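Inspection log for the structure reproduced underneath, given as C-alpha cells.
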Amino acid sequence: MASTDGLVPITRAFLSSYYDKYPYDPLSDVSDLTSQIRSLAQDLLQGCPPTQDESLLVQEADNQPPHKIDENMWKNREHIEEILFLLERSRWPTTLQQSSTSEVDEFATLFGQLKDKFQKALRALESFQLRNSERIFNTVMTYMPQDFRGTLIRQQKERSERNKQAEVDALVNSGGSIRDRYALLWKQQMDRRRQLAQLGSATGVYKTLVKYLVGVPQVLLDFIRQINDDDGPMEEQRQRYGPPLYGLTRMVVTIRLFLSLAWQRFEAFKINRNQISVMEKAVDTYTSEFERFINFISEVFANSPFFITAVDASILDARKNDEYKEITVPAGKTYEVALTVESINSYIAWDFSLVQGKMNMDIGFSIEYTNTGGEKTLILPYRRYESDQGNFSTVMAGNYKLIWDNTYSTFFKKALRYKVDCIPPVLEPELESGQSNEMEG
C-alpha cells in the first residue's frame with residue numbers, strides 16, 4: 001500500500017495553479033462553421049415543419065451543452081454514433097440508394113471519407129474514457145491495503161461492470177435506440193460516481209466493509225468522496241477546459257441535425273455543392289479539433305496528481321483566500337455587491353479578475369449610486385474587463401452597488417474572483433483635538 005503520510009486530497013486552488021501550466025489553444029473555425037451548418041439546417045426547416053424527434057434535436061442544438069466534462073464526452077460519443085448510423089448506405093435517402101450515377105458514386109466516396117473521420121474520432125474518445133476510468137480506479141487501489149479488502153473491492157467493481165454491460169445488451173437486443181443506449185450509459189456513469197462516493201463514506205454497497213476499513217487512509221476516503229462535488233476540485237477543470245468542449249458538443253449536434261433534416265427532405269431539397277462543401281469542412285474541423293482536445297486533456301489528466309502535501313495545500317489556500325471571494329456569474333445574469341455608506345469621504349475600493357483559460361474572457365462592470373428617493377446615478381460607466389482594480393472617495397452617503405454583468409454571454413458563465421472594501425473616513429480623535437486647542441490657548 002502506498003503511503004499517504006502528510007498528504008491531502010487535491011484542492012481547487014491546486015488545480016487552478018496546475019492548469020496554468022496547460023493552456024489550451026483556441027478552437028479553429030468551430031464557432032463560424034457551427035453557425036453556417038445551423039443556418040443550412042434552418043433553411044431545410046422552412047416550409048417543412050420538424051417532426052417530434054427533429055424538434056427535440058433542434059432544441060438540443062440550440063440549448064447550452066451539459067456542464068460536466070464527462071457528460072459532454074458521452075454526448076459527443078452519442079452524436080458521433082448517430083451520424084455514423086446516418087452515413088450507412090442503408091440509411092441514405094431512397095433516391096440515392098436506388099441510383100447508380102456518377103453523382104451517387106461521388107456521394108458514396110464522400111460519405112466513406114466522413115465515416116472514416118468520425119470512426120477515428122470515436123476510437124480516440126472510447127480509448128480515452130477507458131484509460132481514464134482505469135487510471136482513477138487503479139490509483140485509488142494503490143492506496144488501499146493490499147489484502148482481502150482490496151480483493152473484495154475489485155470483485156465488487158467487476159461484478160458491477162458485468163451487470164451494467166448485461167443491462168446495455170438487454171436494451172440493445174430489445175430494439176433500444178442509440179439515444180436510449182446512451183441515456184442508460186450516462187445513468188450507469190452516475191452510478192459509478194455514486195459508488196465511488198459510497199466507498200469514500202463506507203455506505204451503500206460498501207457498508208459491509210465498514211468494520212474492515214481500519215487501515216484504509218482517511219485521505220483516500222476524503223478524496224474519493226469529494227472529488228466530483230459540484231463545487232469541488234473538478235469544477236476548476238470545468239471552468240478551465242469546459243468552453244472549448246462545449247463548442248465541440250454544439251458542433252457535432254448541429255452536424256447531426258443537418259444530416260437528419262437533409263435525409264428526410266432529400267426529395268424536396270436536394271443537397272447542393274455549397275452545402276456539401278460546408279458540411280465536409282465542418283466534419284473535417286470537428287473531428288480534427290475533437291481529437292486534439294482528447295489528446296490534450298489526456299495529457300493533463302495523466303500528469304495530474306490526486307494528492308498534495310498539506311504544506312502546499314495551505315500555501316495555495318492562503319494565497320487564494322486572502323480576503324478574496326470566488327463566485328460564478330451564469331450566462332445571461334449579473335452579480336451585485338451592495339454597500340451602505342454612512343459617511344461622505346469614505347473610500348470604496350475593488351479588485352477583481354476572471355479565472356482564465358487560453359481563451360480569454362471578459363465581464364461587464366459598473367458602479368451606481370441610489371439616493372434615499374430611489375434616484376440612480378452612474379458612478380463608474382459600464383465597460384468590459386478581464387480584470388480591474390480601483391477606488392474612489394464618496395461625495396454622498398447612501399447606497400452603492402457594484403455590478404458585474406454577464407448578460408451579453410449566451411453560453412459562457414464566468415468565474416469571478418473579487419475583493420470589495422468600504423473604508424470609512426479617517427477622523428481626528430476628539431480628545432486630541434481638544435488637547436490641541438488647549439495648547440493653543
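A quick note: this is a predicted structure, and the numbers were derived from the prediction, not measured.
Taking the six-membered ring for Trp and the full ring otherwise, Trp350 and Tyr400 have centroids separated by 6.0 Å or more.
For the pair Arg384/Tyr382, a side-chain contact is recorded, criterion being any heavy-atom separation below 4.5 Å from C-beta on. At least one side-chain heavy atom of His79 sits less than 4.5 Å from a side-chain heavy atom of Leu57. Side-chain contact between Leu354 and Glu386: absent, with no pair of heavy atoms (C-beta onward) separated by less than 4.5 Å. Between Leu45 and Val58 the shortest side-chain heavy-atom distance falls below 4.5 Å. The shortest distance between side-chain heavy atoms of Lys414 and Tyr335 does not fall below 4.5 Å.
Looking at Arg250 and Thr254, their side chains never bring a donor and an acceptor atom within 3.5 Å of each other. Between the side chains of Glu161 and Gln165, no donor-acceptor pair of N or O atoms lies under 3.5 Å. Residues Ser277 and Asn274 have side chains that never bring a donor and an acceptor to within less than 3.5 angstrom of each other. A donor-acceptor pair shorter than 3.5 Å can be found between the side chains of Asp405 and Thr407.
Salt bridge status for Asp20 with Arg240: present, with a side-chain N to carboxylate O gap under 4.0 Å. A salt bridge links Arg292 to Glu289: one of the charged nitrogens lies within less than 4.0 Å of a carboxylate oxygen. Taking 4.0 Å as the cut-off between side-chain N and carboxylate O, Lys413 and Glu235 count as a salt-bridged pair. Between Arg238 and Glu71 there is no salt bridge, since no side-chain N of the basic residue sits under 4.0 Å from a carboxylate O of the acidic one. In summary, Arg179 and Glu82 do not engage in a salt bridge, as defined by a charged side-chain N under 4.0 Å from a carboxylate O. Electrostatic pairing of Glu78 and Lys75 counts as a salt bridge here, judged by a charged N lying under 4.0 Å from a carboxylate O. Between Asp116 and Lys120 there is no salt bridge, since no side-chain nitrogen of the basic residue lies less than 4.0 Å from a carboxylate oxygen of the acidic one.
We find the CG-CZ distance between Asp169 and Arg162 to be 13.5 Å, quoted to the nearest 0.5 Å. Taken from CG in Leu87 to CD in Gln119, the straight-line distance is 9.0 Å, to the nearest 0.5 Å. Atom CG of Asn391 sits about 11.5 Å away from atom SG of Cys422, to the nearest 0.5 Å. Here the NE2 atom belonging to His67 is positioned 11.5 Å from the CG atom belonging to Leu245, to the nearest 0.5 angstrom. To the nearest 0.5 Å, the span separating CG on Asp388 from CG on Asp362 amounts to 12.0 Å. Distance check: Leu257 CG to Gln59 CD gives 12.0 Å after rounding to the nearest 0.5 Å.
Counting only distance, with no hydrogens or angles, the side chain of Trp186 and the backbone of Trp74 share no donor-acceptor pair below 3.5 Å. Using modelled atom types, no side-chain atom of Gln129 and backbone atom of Glu126 make a donor-acceptor pair closer than 3.5 Å. Counting only distance, with no hydrogens or angles, the side chain of Trp263 and the backbone of Arg91 share a donor-acceptor pair below 3.5 Å. The backbone N or O of Arg417 lies less than 3.5 Å from no partner atom in the side chain of Glu326, so there is not a single donor-acceptor pair. The backbone N or O of Ser177 lies less than 3.5 Å from a partner atom in the side chain of Asp180, making a donor-acceptor pair.
Note: Phe293 and Phe296 have tilted aromatic rings, judged against thresholds of 30 and 60 degrees for the angle between ring planes. The aromatic rings of Phe365 and Phe352 sit tilted, their planes meeting at an angle between 30° and 60°.
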Could you walk me through whether Ser160 and Lys164 pass side-chain hydrogen bond (donor to acceptor under 3.5 Å, both in side chains), step by step? CA-CA 6 Å; Ser160 175; Lys164 285 180 172 60; 2.8 Å; yes

Would you sort out whether Glu167 and Gln188 count as a side-chain hydrogen bond (donor to acceptor under 3.5 Å, both in side chains), showing the intermediate values? CA-CA 10 Å; Glu167 194 177 9; Gln188 292 179 345; 3.2 Å; yes

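Scanning all heavy atoms of the two residues, the minimum distance from Tyr418 to Val420 falls at CD1-CG2, 3.8 Å.
Just one of Val252, Leu122, Ile178, Asn72 meets the side-chain contact (heavy atoms from CB on, under 4.5 Å) condition when paired with Arg77; it is Leu122. Tested against Tyr241 for a ring pair (Phe, Tyr, Trp, His ring centres under 6.0 Å), the candidates Tyr24, Phe301, Tyr246, Tyr19 yield a single pass: Tyr19.
Relative to the ring axis of Phe85, Arg256 does not place its NZ or CZ within 45° and under 6.0 Å from the centre.
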